[in-house]
Amino acid sequence: MAPSRPKIHAILAVAVALVSISLPNSYQQDVRYPKFDPCTPYDEEAVNRGDAYVIGLAYYPGGEWEAWNVTKPGDTRGIPQLNPCLGDVYYDGTGNETANAISGTGKVGNYNQMLSQKSVVFGTFTVNTDDMASLKIPASTVRDLLSKASPSGVVSVAAFRGNITSPPMYVASNSPELTSEAGIVSKLALTIALDNGILLQDGLQWTNLDGCNSCNANQTACIKYSIETSYRTYSQESCAQALPCESVNCTTAVLTTFQGSSKSGQPLQSSQYLNSAYDYSISNLAGDFLNNLDNSLINDQSGQ
């Protein structure tokens, strides 16, 4: 029997309005809503298909890619990537690394406070495991973030659950020298990888989909960025709406899908279906359908 196709729909945030990055700590103290906290340990409870899954998105005005401190294999310091769920952070290595020079004790700092001081904001969203979901923040919030993005002129986003953080991606740029062109990215695709219903350590990853080959008439800019590390190359190529952009559509939809296996061992396939849609039917399914879906959500997601 052929597997059923996952539903494509949008899930509103449990805390849709963007708030101060310090809020995850207060959520942890609220025992009424333990399952709606993106700082809940990633391995606390395995999930099956259809179960609610909570994810956080952190938006960093002025945060270039390198500012997120993406952890590199073989880094003996053991300094974790920026994550709003982390308080006091220590590194494991010894010597005269930058972190040791700052504190003299191996303490990097309090990530929660550091991000708050940098005006980072976050959204909390709940999705159904192995469904496709479109997650958005209001266009007015994107414009506000971009206005605070000096001196780099970019706004980046990273997904997080517990102490696991994705690599960053750019959602807006007023710095064509850094991102090739300036604009507000229309869509990003986030894959959540589970093993028997538990998030993998590198289980939050972005996909470029069709790059800038499928931009529509309203997407006249292309945001490009690439960086090489000692072990892999990270790249982004995303259709964007050129600046200035004042309509309610000037925001980024994060298309969230799943891969791997559920708690009961069932395969998770929504990521595969989204990729296939872009590979074989971009104009009919992934393009027109998702554009119409996104537009239908603007009022719901922006009315905060």
- Item | Positive for side chain to side chain contact (heavy atoms under 4.5 Å, CB included) with P168, one of Y225, W65, Y234 | W65
- Message: Just so I know, are the side chains of C85 and F160 near enough to count as touching, which here means a heavy-atom distance under 4.5 Å?
- Response: yes
- Task: Please round to the nearest 0.5 Å and tell me the distance separating atom CD1 of I164 and atom CD1 of I192.
- Result: 11.0 Å
- Item | Thiol sulfurs of C212 and C239 closer than 2.5 Å | no
- Query: Of the options S270, S262, S271, which is the one that meets D130 in a side chain to side chain donor-acceptor pair (under 3.5 Å)?
  - Reply: S270
- Message: Using the rule that Ile, Leu, Val, Met, Phe, Trp and Tyr join whenever any side-chain heavy atoms are under 4.5 Å apart, tell me whether L243 and V171 fall into a single cluster.
- Response: yes
- If two hydrophobic side chains count as joined below 4.5 Å and joins carry through other members, does L194 share a cluster with I198? yes
- Task: For P176 and S173, work out which heavy atoms get closest and say how close.
- Result: N-OG, 4.5 Å
- Query: Are the side chain of Q241 and the backbone N or O of N249 linked by a donor-acceptor pair below 3.5 Å?
  - Reply: yes
- Message: Closer than 3.5 angstrom, by distance alone: can the side chain of Q113 be matched with the main-chain N or O of N110 as a donor-acceptor pair?
- Response: no
- Check ion pair E246-R143 (N to O, under 4.0 angstrom): yes
- Interatomic distance, OH@Y170 vs CD1@I223, rounded to 0.5 Å, equals 10.5 Å
- Item | N208 (side chain) donor-acceptor with E237 (main chain) under 3.5 angstrom | yes
- Just how far is it from atom CG of L255 to atom NZ of K136, taken to the nearest 0.5 Å? 9.5 Å
- Query: What is the distance from atom CD of Q259 to atom OG1 of T257, rounded to the nearest 0.5 Å?
  - Reply: 7.5 Å
- Query: Any idea which heavy atoms bring Q236 and L188 closest together, and the distance?
  - Reply: NE2-CD2, 3.8 Å
- Task: I would like to know whether L178 and V154 meet side chain to side chain contact (heavy atoms under 4.5 Å, CB included); could you show each step before the answer?
- Result: CA-CA 9 Å; L178 180 63; V154 294; 3.6 Å; yes
- Nearest atoms (heavy-atom pairs only) where P38 meets V54: N-CG1, 3.7 Å
- Rounded to the nearest 0.5 Å, how far apart are CG of N163 and OH of Y42? 6.0 Å
- Task: With the side chain counted from C-beta on, respond yes when I55 and L204 share a heavy-atom pair under 4.5 Å apart, and no when they do not.
- Result: yes
- Item | Whether S261 side chain and N196 backbone form a donor-acceptor pair below 3.5 Å | yes
- Message: I want to know whether Y59 and F122 have ring centres closer than 6.0 Å.
- Response: no
- Got L82 and Y60 here, is their nearest side-chain heavy-atom distance under 4.5 Å? yes
- Query: Does a donor on one side chain and an acceptor on the other come within less than 3.5 Å for S156 and W68?
  - Reply: yes
- Where do V47 and T129 come nearest, in terms of heavy atoms and distance? CG2-OG1, 3.7 Å
- Under the 6.0 Å and 45° cation-pi test, does R49 pair with F258? no
- Query: Between T191 and W206, is any side-chain donor less than 3.5 angstrom from a side-chain acceptor?
  - Reply: no
- Taking all atoms of both residues into account, what is the closest heavy-atom pair of P61 and K118, and its distance? CG-O, 3.8 Å
- Query: If every non-hydrogen atom of A149 is compared with every non-hydrogen atom of V155, which pair is closest and at what distance?
  - Reply: CB-CG2, 4.2 Å
- Task: Kindly indicate whether the side chain of I227, heavy atoms from C-beta on, has any atom under 4.5 Å from the side chain of T233.
- Result: no
- Taking N216 for the side chain and Q219 for the main chain, is one N or O donor matched with an acceptor at less than 3.5 Å? yes
- Task: Find out whether K187 and S238 are in side-chain contact, i.e. whether some heavy atom of one side chain is under 4.5 Å from a heavy atom of the other.
- Result: no
- Can you find a pair of side-chain heavy atoms, one from V185 and one from M169, that are under 4.5 Å apart? no
- Message: Any donor-acceptor pair under 3.5 Å linking the side-chain atoms of E64 with those of S152?
- Response: no
- Task: With I137 as reference, evaluate V157, V142, L57 under the side chain to side chain contact (heavy atoms under 4.5 Å, CB included) test and give the passing residue.
- Result: V142
- What distance do I184 atom CD1 and L145 atom CG have between them, rounded to the nearest 0.5 Å? 10.0 Å
